[in-house]
> 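Before I ask anything, let me first share the structure, which is written out below as structure tokens.
Excluded from the calculations below are hydrogen atoms, water molecules and symmetry mates; all remaining heavy atoms, backbone and side chain alike, are included.
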Amino acid sequence: QVQLVESGGGLVQAGGSLRLSCVASGNSFSNFYMGWFRQAPGKEREFIAVINWSGGSAHYADSVEGRFTISRDNAKNTVYLQMNSLKPEDTAVYYCAADPFGVDYGCYDEYDYWGQGTQVTVSS
């Protein structure tokens, strides 16, 4: 079992930055690809970014490419999402998730474990 706890959300003006953190329990953190998703009211959960086991490879949704950066620290069992140049359309609940396979990482069905989410609100 892996438990994930996100933090770092909040209210920020457009153009601002936030850094989300997700801490995992257990000693198998480095066995998982770690992803970030978001869900806005009335919309489906959307893939944002994923990072591989070692942190040497990452992939992003087109909507955040160049603005968001995913990273991880396996010694701290933590994955981060640095969000810059935020836009009102980035407003959503952000979730981190653990994927044991790293094959279809854009699909939320592949992820076995999820955090409770953290709210990000970007004002115009």
> Can you list everything that forms a salt bridge (charged side-chain N to carboxylate O under 4.0 Å, His left out) with Glu89? Sequence neighbours excluded, please.
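Counting only residues at least two positions away or on another chain, Glu89 forms no salt bridge (charged side-chain N to carboxylate O under 4.0 Å, His left out).
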
> Check side chain to side chain contact (heavy atoms under 4.5 Å, CB included) between Ser25 and all other residues, then give those that pass, not counting sequence neighbours.
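Checked Ser25 against side chain to side chain contact (heavy atoms under 4.5 Å, CB included); matches are Gln3.
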
> Is it true that Leu86 and Tyr95 fall in one hydrophobic cluster, defined by side-chain heavy atoms closer than 4.5 Å?
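Different hydrophobic clusters.
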
> Side chain of Asn52, backbone of Gly55: donor and acceptor closer than 3.5 Å?
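Pair found, side chain donor or acceptor close to backbone of Gly55.
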
> So for atom CG, which belongs to Asp62, do other residues, nucleotides or ligands contribute more than 12 heavy atoms lying within a distance under 6.0 Å?
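At most 12 heavy atoms, drawn from other residues, nucleotides or ligands, come within 6.0 Å of this atom.
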
> At their closest point, which heavy atom of Ser28 faces which heavy atom of Val2, and how far apart are they?
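Here Ser28 and Val2 meet closest at OG-CG2, 3.8 Å.
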
> Just grab all the side chain to side chain donor-acceptor pair (under 3.5 Å) pairs involving residues 97-107, residues at least two apart or on different chains.
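Every side chain to side chain donor-acceptor pair (under 3.5 Å) pair that includes a residue of residues 97-107, provided the two are not neighbours, is His59-Tyr105.
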
> Per the disulfide bond (SG atoms under 2.5 Å apart) rule, what does the pair list look like for residues 69-124, sequence neighbours excluded?
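Every disulfide bond (SG atoms under 2.5 Å apart) pair that includes a residue of residues 69-124, provided the two are not neighbours, is Cys22-Cys96.
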
> With sequence neighbours excluded, give me every salt bridge (Lys or Arg N to Asp or Glu O under 4.0 Å) pair touching residues 43-60.
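Sorted result for residues 43-60: Arg38-Glu46.
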
> Taking the side chain as C-beta and beyond, is there a heavy-atom pair between Glu6 and Tyr94 under 4.5 Å?
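A side-chain contact is absent here, since even the closest heavy-atom pair is not under 4.5 Å.
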
> Looking only at heavy atoms, which two atoms of Asp112 and Pro100 are closest? And how far apart?
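Looks like OD2-CG, 3.3 Å.
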
> What is the minimum heavy-atom distance between Leu81 and Ala49, and which atoms define it?
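Minimum heavy-atom contact is CD1-CB, 4.3 Å.
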
> Give a yes or no on whether Tyr108 and Val50 share a hydrophobic cluster (residues Ile, Leu, Val, Met, Phe, Trp, Tyr; joining criterion: side-chain heavy atoms under 4.5 Å apart).
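In one cluster: yes.
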
> Applying the side-chain contact (heavy atoms from CB on, under 4.5 Å) criterion to Val120, which one of Thr91, Val93, Leu18, Leu11 satisfies it?
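Considering Thr91, Val93, Leu18, Leu11, a side-chain contact (heavy atoms from CB on, under 4.5 Å) with Val120 is found only for Leu18.
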
> Mind checking what makes side chain to side chain contact (heavy atoms under 4.5 Å, CB included) contact with Ser17, not counting sequence neighbours?
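Counting only residues at least two positions away or on another chain, Ser17 forms a side chain to side chain contact (heavy atoms under 4.5 Å, CB included) with Gln82, Asn84.
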
> Once disulfide bond (SG atoms under 2.5 Å apart) is applied, what residue pairs with a partner in residues 26-59 remain, sequence neighbours excluded?
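Those involving residues 26-59 do not exist here.
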
> Quick check against the 3.5 Å criterion: does Arg72 have a side-chain atom that pairs as donor or acceptor with the backbone of Tyr33?
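Side chain of Arg72 to backbone of Tyr33, a donor-acceptor pair under 3.5 Å: no, none is there.
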
> Supply the atom-to-atom distance Ser124 OG to Lys87 NZ, rounded to the nearest 0.5 angstrom.
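Those atoms lie 14.0 Å apart.
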
> Which residues pass the salt bridge (charged side-chain N to carboxylate O under 4.0 Å, His left out) test with Arg67, sequence neighbours left out?
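Partners of Arg67 under the salt bridge (charged side-chain N to carboxylate O under 4.0 Å, His left out) test: Asp90.
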
> Quick one: list whatever passes ring pair (Phe, Tyr, Trp, His ring centres under 6.0 Å) with Phe37, sequence neighbours left out.
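By the ring pair (Phe, Tyr, Trp, His ring centres under 6.0 Å) rule, Phe37 matches Phe47, Tyr111, Trp114.
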
> Do Glu110 side-chain atoms and Val103 backbone N/O form a donor-acceptor pair below 3.5 Å?
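Indeed, once roles are kept as given, a pair shorter than 3.5 Å links the two residues.
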
> Pair Tyr60, Ile70 - check side-chain contact (heavy atoms from CB on, under 4.5 Å), show working.
CA-CA 9 Å; Tyr60 299 90; Ile70 188 171; 3.4 Å; yes

> By the disulfide bond (SG atoms under 2.5 Å apart) test, which pairs, at least two apart or in different chains, include something from residues 34-81?
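Counting only pairs at least two positions apart or across chains, no disulfide bond (SG atoms under 2.5 Å apart) contact touches residues 34-81.
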
> Side chain to side chain contact (heavy atoms under 4.5 Å, CB included) with Ala98: which residues, sequence neighbours excluded?
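Applying side chain to side chain contact (heavy atoms under 4.5 Å, CB included) to Ala98 gives Leu4, Phe32, Met34, Tyr113.
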
> Hydrophobic clustering (ILVMFWY, side-chain heavy atoms < 4.5 Å, transitive) - are Val12 and Ile48 grouped together?
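Per the 4.5 Å side-chain linkage, Ile48 and Val12 are co-clustered.
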
> Which pair of non-hydrogen atoms, one from Ala14 and one from Pro88, has the smallest distance, and what is that distance?
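Heavy-atom minimum between the residues: CB-CD, 4.1 Å.
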
> For Thr78, enumerate each residue passing the side chain to side chain contact (heavy atoms under 4.5 Å, CB included) test, keeping only those at least two apart in sequence or located in another chain.
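Once residues adjacent in sequence are excluded, the partners of Thr78 under the side chain to side chain contact (heavy atoms under 4.5 Å, CB included) criterion are Ser21, Val23, Lys76, Tyr80.
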
